Amino acid sequence: MPTDKQFERLEQRRKTLQKEFDQLRARQNEASREIARLKKEGKSADKLLGEMQKVAERIKTLKAEQQEVEAELNTSQLFRPNTPHASVPKGKSSEDNRVERVWGEKPKFVFQAKDHVALGEALGILNFERAAKIAGARFAVLTGAGASLERALINFMLDLHTKEHGYTEVLPPFMVNADALTGTGQLPKFEGDLFKTTDGRYLVPTAEVPLTNLYRREILKEEDLPISLTAYTPCFRSEAGSYGKDVKGLIRQHQFNKVELVKFTTPEKSYEALEKLTADAEKVLQKLGLHYRVVTLCTADIGFAAAKTYDLEVWLPGQNAYREISSCSNCEDFQARRAGIRFRPKGGGPSTRPAGRGSLRASKPQFVHTLNGSGLAVGRTLIAILEQFQQKDGSVSVPKALQSSLGISKITL
RNA sequence: GGAGAGGUGGCCGAGUGGUUGAAGGCGCCAGUCUUGAAAACUGGAGUACCCUUACGGGUACCGUGAGUUCGAAUCUCACCCUCUCCGCCA
């Protein structure tokens with residue numbers, strides 16, 4: 001990967017090449033007109049033609065060089081991670097993440113708390129062996145109340161975000177092309193984390209990819225911002241390199257359900273929007289009555305595309321630990337640059353050229369800021385419900401918010 | 001899977017290898033007129049990069065990429081996408 005200095009040098013080289021290229025093309029365009037004129041007048045253009053042949057050759061080599069430099073510049077850009085925001089704590093590991101707040105309390109059990117695997121298997125709503133039989137490791141089968149609960153959670157989250165938080169529901173394709181994944185930052189660096197189809201497409205690792213890329217190569221109107229979208233999709237991850245990590249249970253699967261939140265804002269409003277988006281995700285946990293905490297990821301733990309990330313960590317009694325259930329990030333213009341998502345500032349924005357007589361010039365397009373967050377990871381929400389709401393007899397009480405849609409108040413044998 | 005048609009500016013739509021960034025229409029913006037509005041008229045209006053303090057100038061872009069040519073929206077090839085018909089299918 002090139003250093004800043006190498007990058008500078010490449011950029012300088014690109015400019016030099018373009019300067020010569022542009023000059024020669026100007027000369028060529030001029031000569032072309034001249035040749036056309038001479039021919040029309042019935043005069044010979046042989047001399048010019050001869051000269052231009054050489055110019056054409058030079059232009060060809062220049063173009064090739066230019067493309068080479070641009071390709072180099074381009075890839076070096078694509079592998080460069082986002083720069084963390086000033087408020088992001090510096091750190092060496094997830095130990096250095098900063099706890100922002102805690103909601104609710106750890107449930108106290110007068111009995112030995114079980115984990116969701118024991119609970120779910122005993123209740124007959126979770127099965128990993130049969131999943132392995134039909135798909136392999138890191139898959140699960142939900143049955144009966146387990147399947148209904150998963151479905152109820154999806155609906156609950158979507159309803160909350162659309163009806164109370166103002167998001168527009170989207171149902172995107174579950175497969176995307178390489179351009180989309182490059183736009184959000186999964187490609188080219190993290191190809192190994194993805195499932196690729198035989199025709200060169202990829203299964204979505206998160207709805208962030210199709211949602212954010214909805215406006216790829218578009219110039220939006222400032223009046224239309226902010227845009228808030230939510231979508232349910234399954235998410236597919238190869239989990240390469242996570243061998244031996246979270247091998248048991250629903251925590252880490254090749255396929256899981258998630259309701260995602262995505263926002264497009266102006267640069268001025270994006271940090272405000274991050275707080276709001278995070279609060280929207282938290283609201284799901286609050287309504288369900290699940291104890292959790294919010295942490296700010298430190299520089300060591302933050303993702304490739306994010307400038308700042310809040311993780312929501314739900315309490316899992318079965319693991320005696322807080323585990324990530326949502327990750328809410330402001331990517332600033334990182335993804336917008338890659339995906340070419342811009343907006344045209346209304347009125348007083350900086351203009352390309354001065355206003356002509358009697359008419360206002362449109363202001364120059366700027367990159368939007370993009371945000372995304374889980375609202376929430378459905379499978380992990382199900383884990384939290386099983387573990388936090390387990391009863392001594394092995395049954396699980398259903399959160400009030402889900403009782404009417406699920407039609408039961410308790411999951412029993 | 002088979003057969004065919006097509007991809008041009010915000011939209012519709014013309015386009016002969018040579019002032020075509022691209023006719024015309026619609027829409028849009030500003031102005032004139034009007035008490036106001038409409039109509040009419042006049043003017044403006046794409047994106048990116050490079051040079052310039054600025055004024056301004058240059059280059060590229062007609063689905064994408066390559067080729068032919070002094071010169072390509074226009075010719076050739078490959079790919080992508082859209083549409084129609086047939087077959088198959090939830």
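Worth knowing before you read on, the calculation uses all heavy atoms, side chains too, and leaves out hydrogens, waters and symmetry mates. Residue numbering restarts at 1 for every chain, and letters A, B, ... go by the order of the sequence lines. Source: prediction; values computed, not measured.
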Sugar-phosphate, base or nothing in reach of Q67(A), heavy atoms under 4.0 Å: sugar-phosphate

For C55(B), the Watson-Crick or wobble counterpart (both distances under 3.5 Å): none

Closest to the I219(A) side chain, choosing from U47(B), A72(B), C50(B): U47(B)

Distance in angstrom units between E70(A) CD and U59(B) P, rounded: 18 Å

Nearest-Å distance once atom C1' is located in both G4(B) and C89(B): 22 Å

Side-chain heavy atoms of E11(A) within contact of R14(A), under 4.5 Å: yes

Watson-Crick or G-U wobble partner of A60(B), both distances under 3.5 Å: U47(B)

Length of the line joining Q66(A):CD and C61(B):P, which is rounded to integer Å: 12 Å

Distance, C1' atom - from U47(B) to A22(B), rounded to whole angstrom: 15 Å

Identified pairing partner of A90(B), criterion: Watson-Crick or G-U wobble below 3.5 Å: none

Length of the CG-C1' vector between L220(A) and G46(B), whole Å: 16 Å

Euclidean distance, atom CG of residue L24(A) to atom C1' of U59(B) [Å, nearest integer]: 11 Å

Length of the line joining Q23(A):CD and G57(B):C1', which is rounded to integer Å: 12 Å

Complementary nucleotide of G6(B), counting Watson-Crick and G-U pairs under 3.5 Å: C81(B)

Sugar-phosphate, base or nothing in reach of A31(A), heavy atoms under 4.0 Å: nothing

Phosphate contact (C80(B) OP1 or OP2) by N177(A) side-chain N/O below 4.0 Å: no

Rounded distance in Å between the C1' positions of A73(B) and G21(B): 11 Å

Short side-chain donor-acceptor distance under 3.5 Å, S270(A) and E332(A): no

M52(A) side-chain proximity, nearest of C50(B), G18(B), C70(B): C70(B)

Nearest-angstrom distance from the residue atom NZ of K364(A) to P of A45(B): 17 Å

Interatomic distance at P, A23(B) relative to G43(B), whole Å: 15 Å

Base partner of C11(B), which must satisfy Watson-Crick or wobble distances under 3.5 Å: G25(B)

Side-chain N or O of R27(A) closer than 4.0 Å to phosphate OP1/OP2 of C70(B): no

P-based separation of C75(B) from C62(B) [nearest Å]: 14 Å

Base of C49(B) paired with side chain of Q18(A) (donor-acceptor, under 3.5 Å): yes

Sugar-phosphate only, base, or nothing, as touched by L48(A) at under 4.0 Å among non-hydrogen atoms: nothing

Polar side-chain atom of Q390(A) near backbone of E387(A) as donor-acceptor pair, under 3.5 Å: yes

K221(A) NZ - C28(B) P separation (whole Å): 12 Å

N29(A) side chain near U59(B) phosphate (N/O to OP1/OP2, under 4.0 Å): yes

Identified pairing partner of C41(B), criterion: Watson-Crick or G-U wobble below 3.5 Å: G31(B)

Validation row, ring centre F334(A) to ring centre F304(A) under 6.0 Å: yes

R33(A), nearest nucleotide to its side chain (from U47(B), C70(B), U19(B)): U19(B)

Euclidean distance for C1', G9(B) against C28(B) (whole angstrom): 13 Å

Minimum-distance nucleotide (side-chain atoms of R344(A) versus C70(B), G46(B), U59(B)): G46(B)

Pairwise C1' distance for A72(B) and C77(B), with rounding to whole Å: 15 Å

Inter-nucleotide C1' distance (C70(B), G31(B)), Å rounded: 46 Å

Given U47(B), G18(B), U59(B), the nucleotide with the shortest approach to the side chain of A26(A): U59(B)

Side-chain N,O (R25(A)) to OP1/OP2 (G58(B)) below 4.0 Å: no

Flag side-chain contact, heavy atom, 4.5 Å: F343(A) against I227(A): no

Touch class at under 4.0 angstrom, heavy-atom based, for R37(A) against every strand present: nothing

G-U wobble or Watson-Crick pairing nucleotide for G17(B) (cut-off 3.5 Å, both distances): none

Sugar-phosphate only, base, or nothing, as touched by K60(A) at under 4.0 Å among non-hydrogen atoms: sugar-phosphate

Complement of U69(B), any strand, by Watson-Crick or G-U distances under 3.5 angstrom: none

N/O (side chain, Q28(A)) to phosphate O (OP1/OP2, G71(B)) under 4.0 Å: yes

Side chain to side chain contact (heavy atoms under 4.5 Å, CB included) between Y232(A) and E169(A), intermediate numbers included: CA-CA 8 Å; Y232(A) 152 73; E169(A) 184 174 348; 6.0 Å; no

Side-chain heavy atoms of R293(A) within contact of L312(A), under 4.5 Å: no

4.5 Å side-chain heavy-atom contact, R380(A) and V314(A): no

R14(A) side-chain proximity, nearest of U59(B), C70(B), C49(B): C49(B)

Sugar-phosphate only, base, or nothing, as touched by R342(A) at under 4.0 Å among non-hydrogen atoms: sugar-phosphate

Side-chain touch K245(A)/E239(A), heavy atoms, less than 4.5 angstrom: no

Length of the line joining Q53(A):CD and U68(B):P, which is rounded to integer Å: 12 Å

